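Accompanying notes for the structure given below.
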Amino acid sequence: MYDVAILSDLRYPGGNSASIVAEVRAQAAAGLSTVLIHVPSPHLRHARPFQSRIVACLRDGLADLAHDDGTEVAARVLLIRQPRIFTEEPAVVPAVRAGHTFVVLNQPPGDERQDQRYYVFDEVRERITRLFGDDVVWAPISSQVRENVHRVAPRTTLPDTDWHEIIDIDDWAVARRPPGDIPVIGRHGRPDEVKWPREPGELLQAYPDSAEVKVRILGGGDIGVRRLGRQPDNWDVVEFGAESPRDFLAGLDFFVYFHDPDWKEAFGRTILEAMASGVPVIVGPHFRAIFGDAALYTDPAGVRDLVARLHADRPAYEAQVERARRYVTDQFGSASHIGRLASLGVMPKADRRPFRPPLRPERTSRRVLLVGDDVARFRAIARRLPSGLEAVVVAGSAGLADAHAAGLLTEYLPGATELGAPPARWDGFVRTRLGHLVELYRPRAVLVGGLPHDGIVEAAAENPRPRWLWLRPAMWRRGTGGEWAGRGAAFDGILEPGEFAATGDEGWTTTARSGVSTVDPITDLPDRLARREGDHTLLCRGVEAALPGFRTIEAAAADLGEVTVAVSRADYTNFHELLGARVPTVFVPDPDACDDELARARFAAAAGVALCATDDESAGTELAKLADPAVRNALIRRCAELSFGNGAEDAATWLAGQCREVNRAANS
């Protein structure tokens with residue numbers, strides 16, 4: 001049985017995830033066990049990975065992740081965070097048995113314009129009660145949420161005290177820079193229209209267009225720019241995620257936060273983070289009920305005078321910083337959370353040594369960044385890197401889950417469609433994001449898999465310290481992709497994974513060979529893969545099919561020994577994994593693929609290592625041939641005769657050698 005179970009959508013990018021992480025860390029430090037339960041929210045419709053800080057907690061062993069196989073989770077306390085998850089019936093209802101169940105109301109039902117704009121409280125209450133029992137406790141995180149709930153559901157019984165947010169002061173402590181002649185004011189937070197003043201006049205009062213102040217904005221700055229119709233010269237707008245909030249706050253003199261008058265801020269976690277980092281906070285008077293004397297209160301028109309006065313009065317400035325830190329420690333420190341769990345009978349484990357997460361290595365640690373969604377090849381290379389050289393995978397949502405499962409360090413680099421950004425703006429984001437990651441990790445090398453878009457090339461030019469390398473795909477369809485040929489000049493080295501069907505390659509990479517190193521096909525297959533006899537199994541990858549007498553299964557690279565036959569697209573990874581594992585396969589090329597899947601599939605058929613179907617309709621006819629053991633055995637024997645090596649080891653050696661080139665350059 002776990003001490004605490006936390007149920008939420010673990011993909012939320014903002015305060016919800018930050019609050020979960022703070023509670024998980026506090027619980028781990030007190031020797032308490034935690035399990036996280038993921039339930040997708042109906043209003044997060046775009047595919048995205050778990051929030052990076054959530055992933056770090058799981059990776060560091062601070063919490064477990066509940067399986068989605070229906071296994072019951074038992075906990076002394078269940079905390080359900082974000083009521084909007086239950087505005088619709090969940091597709092899968094997790095089985096949870098808990099001694100106490102709390103719904104942490106970290107968002108009010110509505111705002112000043114509409115009391116139930118975000119969710120209808122009674123509908124959510126009915127659904128959660130039906131799913132988790134009648135003894136659920138509804139716990140608002142602030143007086144603002146409490147008032148909204150009482151207004152829409154006056155008969156609802158709420159606890160006497162709020163389930164307030166917590167923060168680890170030590171995590172947010174930063175070395176403050178000496179004050180400059182011009183004060184720097186700023187704000188950070190997820191991009192959201194309601195998080196900004198609606199009227200341009202109020203917006204410029206809060207964040208002045210004046211040489212008397214500098215304004216820095218992390219996340220959502222484009223909203224302010226759009227409302228003004230221009231970007232003031234003294235504004236520095238930073239994309240959300242390009243800097244860590246902690247590092248960002250270290251460069252501010254004042255944290256200034258004003259929002260749309262209709263928006264009802266449930267708590268204001270970014271305000272708490274600013275106070276913990278030692279930045280005086282200036283906000284509207286409606287926050288006084290939460291933060292008391294720890295913040296400074298005015299309307300937007302009073303911001304400039306308040307900043308000028310306190311910036312010139314250093315004793316008063318430092319007194320405000322100390323007042324806020326003391327208030328945050330007393331009211332919102334980790335001890336307050338452990339105390340409220342103790343009131344529910346969940347006591348700290350004095351006899352259990354608290355888990356301490358590993359310290360982040362110094363920036364001189366030997367790291368390489370692997371950039372792109374080519375995670376299968378990245379994973380194969382990363383596993384074979386020499387001791388002391390660690391990989392960090394930088395990928396979009398499509399690749400992060402696989403990288404997480406492999407236990408690799410990860411960073412999120414959303415694609416243009418994930419951000420909803422036009423290509424030019426996305427390139428700027430990529431340039432800034434990669435520049436930040438280079439500064440954060442100080443890698444010896446950056447290996448780019450796939451296509452080196454403009455943002456990547458610009459990042460390489462702006463950050464020349466590491467070696468920039470290209471894991472370049474071959475086997476392009478004839479007449480396509482030639483525009484990428486010139487991008488090789490932007491890199492210090494090019495590595496081309498081998499192709500079993502290389503003699504059928506008619507693409508542009510066959511003539512652009514300057515500075516290119518090659519290795520055998522790179523796969524994530526284990527060094528030894530024993531074939532296991534059993535019932536007849538069919539693996540389908542990218543193609544829907546069935547074969548009478550064969551049971552359809554799923555299998556990762558390490559499990560291909562359990563596969564009797566397969567039908568698959570002829571993309572690089574599937575093609576080489578299935579041939580390398582000697583699985584009798586029908587390859588069905590994807591006509592829309594960038595690489596020449598048709599040439600691969602036809603070459604495999606001509607070599608006698610696989611069967612080829614030119615479209616999905618004819619795949620069934622070819623697949624039926626594999627029901628014959630004689631056909632299967634002939635393909636297996638031919639695969640053994642024409643087997644190829646795994647180039648992952650040589651690729652890892654090549655990458656390590658590139659990192660040594662950095663050492664030699666630094667010491668010369």
Side-chain angles (χ1 to χ4, degrees), residues 59 368 370 372-393 395 398-410 447 449 471 473 495-501 518-542 551-585 587 600 604 609-610 626 632-633 635-656:
R59 183 187 64 226
V368 293
L370 309 180
D373 288 329
D374 196 1
V375 174
R377 276 178 276 191
F378 286 165
R379 187 171 54 216
I381 294 170
R383 286 175 173 170
R384 294 167 172 83
L385 289 173
S387 176
L389 188 60
E390 186 175 26
V392 181
V393 174
L400 282 189
D402 289 341
H404 294 160
L408 298 173
L409 291 176
T410 59
L447 179 64
L471 187 65
L495 181 68
E496 191 172 277
E499 286 273 358
F500 175 71
T518 58
V519 295
D520 283 339
I522 298 175
T523 72
D524 200 26
L525 292 170
D527 294 334
R528 292 184 179 179
L529 185 69
R531 294 198 59 80
R532 292 181 286 279
E533 297 298 329
D535 62 341
H536 288 172
T537 57
L538 168 65
L539 173 66
C540 300
R541 288 186 170 179
R551 178 173 58 89
T552 302
I553 65 170
E554 296 182 1
D559 304 318
L560 290 179
E562 301 176 2
V563 178
T564 308
V565 298
V567 58
S568 173
R569 295 302 185 195
D571 59 275
Y572 184 94
T573 297
N574 285 322
F575 184 77
H576 291 96
E577 280 188 357
L578 291 167
L579 293 183
R582 304 177 189 176
V583 177
T585 302
F587 286 114
R600 280 202 195 102
V609 296
L626 296 183
R632 298 199 300 270
N633 290 334
L635 294 175
I636 292 171
R637 285 195 301 271
R638 190 60 174 157
C639 282
E641 293 170 358
L642 300 180
S643 63
F644 48 83
N646 190 347
E649 185 75 40
D650 288 339
T653 301
W654 178 85
L655 181 55

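Worth saying up front: this structure is predicted, and the values here are computed from it rather than measured. Basis for what follows: all heavy atoms, side chains included, without hydrogens, waters or symmetry-related copies.
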Notebook entry, point to check: Hey, mind stepping through Trp654 and Val519 against side-chain contact (heavy atoms from CB on, under 4.5 Å) and telling me if it holds?
Noted result: CA-CA 9 Å; Trp654 178 85; Val519 295; 5.6 Å; no

Check: Would a 4.5 Å heavy-atom cut-off, applied to side chains only, mark Pro497 and Tyr572 as touching?
Finding: yes

Item checked: Test ring-ring contact (aromatic ring centres under 6.0 Å, His included) applied to Phe587 - qualifying residues, sequence neighbours left out -> Phe575

Note to self: Which residues pass the salt bridge (charged side-chain N to carboxylate O under 4.0 Å, His left out) test with Arg551, not counting sequence neighbours?
What the structure shows: Asp535

Next item on the list: Determine the minimum heavy-atom distance between Val563 and Ala555, stating which atoms define it.
Entry: CG2-CB, 3.9 Å

Item checked: salt_bridge(Asp524, Arg383) N-O dist < 4.0 Å -> yes

Next item on the list: Walk me through it: do Val368 and Glu390 pass the test side-chain contact (heavy atoms from CB on, under 4.5 Å)?
Entry: CA-CA 6 Å; Val368 293; Glu390 186 175 26; over 6 Å; no

Checklist line | Under the salt bridge (charged side-chain N to carboxylate O under 4.0 Å, His left out) test, residues paired with Arg638 that sit two or more places apart | finding: Glu641

Margin query: Pairing donors with acceptors under 3.5 angstrom, does anything connect the side chains of Thr585 and Ser568?
Written below: no

Check: How many angstroms lie between atom OG of Ser643 and atom CZ of Phe500, to the nearest 0.5 angstrom?
Finding: 9.0 Å

Check: Looking only at heavy atoms, what is the nearest atom pair of Ile636 and Pro584, with distance?
Finding: CG1-CG, 3.8 Å

Next item on the list: Could I get the full list of salt bridge (charged side-chain N to carboxylate O under 4.0 Å, His left out) partners for Arg569, not counting sequence neighbours?
Entry: Asp616

Check: Which atoms form the tightest heavy-atom contact between Ala656 and Pro386, and what is the distance?
Finding: CB-CG, 3.8 Å

Check: After noting the C-alpha distance and the side-chain angles of Arg541 and Glu577, does the key distance pass the salt bridge (Lys or Arg N to Asp or Glu O under 4.0 Å) rule?
Finding: CA-CA 12 Å; Arg541 288 186 170 179; Glu577 280 188 357; 2.9 Å; yes

Next item on the list: Heavy atoms only: give me the nearest Gly498-His576 pair and the separation to one decimal.
Entry: O-NE2, 4.0 Å

Checklist line | Qualifying residues under side chain to side chain contact (heavy atoms under 4.5 Å, CB included), relative to Ala648, sequence neighbours excluded | finding: Ala380, Arg384, Ile522, Asn646

Check: So do the side chains of Glu499 and Pro521 get within less than 4.5 Å of each other, counting heavy atoms only?
Finding: no

Notebook entry, point to check: Under the salt bridge (Lys or Arg N to Asp or Glu O under 4.0 Å) criterion, do Arg600 and Asp571 qualify, and how do the steps go?
Noted result: CA-CA 8 Å; Arg600 280 202 195 102; Asp571 59 275; over 6 Å; no

Item checked: Nearest non-hydrogen partners of Leu635 and Val609, listed with the distance -> CD2-C, 3.7 Å

Notebook entry, point to check: Got a sec, which residues hit salt bridge (charged side-chain N to carboxylate O under 4.0 Å, His left out) with Glu562, two or more places apart in sequence or on another chain?
Noted result: Arg532

Next item on the list: Hey, could you give me the OG1/CG distance between Thr523 and Leu529, rounded to the nearest 0.5 Å?
Entry: 9.5 Å

Margin query: Assess the residue pair Leu626 and Leu538 against the criterion (side-chain contact (heavy atoms from CB on, under 4.5 Å)); give the C-alpha distance rounded to whole Å, side-chain angles, the decisive distance to 0.1 Å, and a yes or no.
Written below: CA-CA 10 Å; Leu626 296 183; Leu538 168 65; over 6 Å; no

Checklist line | Any side-chain heavy-atom pair of Leu578 and Leu539 under 4.5 Å | finding: yes

Checklist line | Residue of the set Thr410, Leu447, Leu471, Val392 for which side-chain contact (heavy atoms from CB on, under 4.5 Å) holds with Leu370 | finding: Leu447

Notebook entry, point to check: Is the backbone of Thr537 close enough, under 3.5 Å, to the side chain of Thr564 for a donor and an acceptor to pair up by distance?
Noted result: yes

Check: Which atom names give the shortest non-hydrogen contact between Ala391 and Leu409, and what distance separates them?
Finding: O-CB, 3.9 Å

Next item on the list: Could you grab the distance from atom CZ of Arg379 to atom OG1 of Thr573, nearest 0.5 Å is fine?
Entry: 8.5 Å

